[in-house]
Amino acid sequence: MKALVLSSGGVDSTTCVGMAIEEYGKENVVTLSMWYGQKHEKELEAAKAVAEYYGLEHLALDLSKIFTYSDCSLLQHSGQEIPTDSYEKQIKEADGKPVSTYVPFRNGLFLSCAASIALSKGCDVIYYGAHSDDAAGSAYPDCSVAFNEAMAKAIYEGSGKQLTIKAPLVTWNKAQVVKEGLRLKVPFELTWSCYEGKEVPCGVCGTCIDRAKAFAANGVEDPALKGGK
């Protein structure tokens with residue numbers, strides 16, 4: 001069995017990398033990162049660093065043109081500011097709609113592309129790091145259990161029943177994800193979650209806030225913040 005892991009360089013996908021390695025062995029794991037026109041390359045650099053840490057084959061794909069017409073605040077061409085509030089507050093203000101950092105159907109596109117590459121690379125399974133906090137309140141609807149089940153069925157059928165999807169974190173919250181990553185001793189010090197591409201994480205965007213709470217819930221300091229990183 002061979003696994004392809006969608007790797008963004010963040011906490012969730014890096015935990016999935018560790019889980020895939022534990023299950024299949026690092027010689028049977030490939031990582032794939034996507035450039036979608038985001039405002040910085042920090043997360044892609046982190047994904048590459050994680051792959052190098054484990055000695056994994058790492059692939060990259062540029063999908064930025066597909067999002068040319070989106071005004072998502074994460075994208076380089078967008079005039080929107082990245083929110084500096086917790087996801088909880090953003091969800092309330094969004095009133096049941098996705099938050100401004102939702103990239104239109106990104107996970108659907110990523111998984112579809114990953115399926116083609118996985119089949120070409122002889123992989124049997126795709127891992128991706130959707131978790132329940134992201135799906136809450138339809139903030140990121142392409143992280144939900146329902147979405148995962150639908151995509152898993154489509155990819156299984158569309159691949160001639162050769163390929164399955166694993167979203168092992170889909171019912172977990174961020175603190176549970178960090179707990180699992182700590183158990184696996186994944187290199188959280190190499191990861192990047194912040195939506196800003198500055199020298200150090202901003203600490204005030206939704207994903208920075210969630211990350212800080214998750215490490216605090218586990219009673220540990222975020223390794224990526226040690227030594228001023």
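Atoms considered below: every heavy atom in the structure, side chains included; atoms not considered: hydrogens, waters and symmetry mates.
In this structure, the side chains of Asn28 and Met1 stay at 4.5 Å or more apart for every pair of heavy atoms. By the 4.5 Å heavy-atom criterion applied to side chains, Asp210 and Tyr87 are counted as neighbours. Looking at Met151 and Asn107, their side chains never come closer than 4.5 Å, going by heavy atoms from C-beta outward. Using a 4.5 Å heavy-atom threshold, the side chains of Pro83 and Val99 count as separate. Between Val30 and Leu32 there is no side-chain heavy-atom pair separated by less than 4.5 Å. Side-chain contact between Glu41 and Trp35: present, with at least one pair of heavy atoms (C-beta onward) separated by less than 4.5 Å. Proximity of Thr171 to Gln176: side-chain heavy atoms (C-beta onward) are nowhere separated by under 4.5 Å. Taking 4.5 Å as the limit, every side-chain heavy atom of Val186 sits out of range of all side-chain heavy atoms of Val17.
Remark: Lys166 pairs with Glu23, Tyr24, Val125, Tyr127, Pro168 by the side-chain contact (heavy atoms from CB on, under 4.5 Å) rule, at least two apart or across chains.
Using a 3.5 Å distance cut-off with no hydrogens or angles, the side chains of Ser132 and Asn173 do not pair a donor with an acceptor.
The number of heavy atoms from other shown groups lying within 6.0 Å of NZ (Lys39) is above 12. A 6.0 Å sphere centred on NZ of Lys42 holds more than 12 heavy atoms belonging to other residues, nucleotides or ligands. Lys179 NZ: 12 or fewer foreign heavy atoms inside a 6.0 Å radius.
Listed for the Asn218 side chain is no donor-acceptor partner under 3.5 Å among the backbone atoms of Val220. Counting only distance, with no hydrogens or angles, the side chain of Ser100 and the backbone of Ser73 share no donor-acceptor pair below 3.5 Å. Remark: side-chain polar atoms of Ser78 are paired, donor with acceptor, to backbone N or O of Cys72 under 3.5 angstrom. Of the possible donor and acceptor atoms, none in the side chain of His58 sits under 3.5 Å from a partner among the backbone N and O of Ser33. In this structure a side-chain-to-backbone donor-acceptor pair under 3.5 Å is missing from Tyr54 to Glu57.
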| Check against side chain to side chain contact (heavy atoms under 4.5 Å, CB included), Leu169 and Met19 | CA-CA 10 Å; Leu169 318 177; Met19 294 172 84; 3.8 Å; yes
| How far apart are the C-alpha atoms of Thr207 and Ser193, what are their side-chain angles, what is the distance that settles it, and do they pass the side-chain hydrogen bond (donor to acceptor under 3.5 Å, both in side chains) test? | CA-CA 6 Å; Thr207 190; Ser193 300; 4.7 Å; no
| query | Between Tyr36 and Ile66, does a side chain to side chain contact (heavy atoms under 4.5 Å, CB included) hold up when you go through it step by step? | reply | CA-CA 8 Å; Tyr36 56 91; Ile66 294 174; over 6 Å; no
| query | Under the side chain to side chain contact (heavy atoms under 4.5 Å, CB included) criterion, do Ile126 and Leu111 qualify, and how do the steps go? | reply | CA-CA 8 Å; Ile126 298 170; Leu111 287 168; 4.0 Å; yes
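The distance from the OH atom of Tyr53 to the NZ atom of Lys26 is 9.5 Å, given to the nearest 0.5 Å. Interatomic distance, NE2 of His131 versus SG of Cys143, reported as 7.0 Å (0.5 Å rounding). Taken to the nearest 0.5 Å, the CE atom of Met34 stands 9.5 Å off from the CG atom of Leu59. For the atom pair CZ (Arg211) and CG (Asp222), the distance works out to 4.0 Å, reported to the nearest 0.5 Å. The NE2 atom of His40 sits 11.0 Å away from the NZ atom of Lys198 when rounded to the nearest 0.5 Å. Note that CG of Leu109 and CZ of Arg106 are 10.5 Å apart. Values are rounded to the nearest 0.5 Å.
Under a 4.0 Å N-O distance rule, the pair Lys174/Asp134 does not qualify as a salt bridge. Arg183 and Glu180 are joined by a salt bridge, as a carboxylate oxygen and a charged side-chain nitrogen come within less than 4.0 angstrom of each other.
Between Phe105 and Asp142 the shortest heavy-atom distance is C-OD2, 3.7 Å. The shortest non-hydrogen separation linking Thr14 to Gly9 is OG1-C, 3.9 Å. The minimum heavy-atom distance linking Pro223 with Phe215 is given by the pair CD-CE2, 3.5 Å.
Each side-chain hydrogen bond (donor to acceptor under 3.5 Å, both in side chains) pair with one or both residues in residues 144-162, not counting sequence neighbours, appears once here: Tyr128-Asn148.
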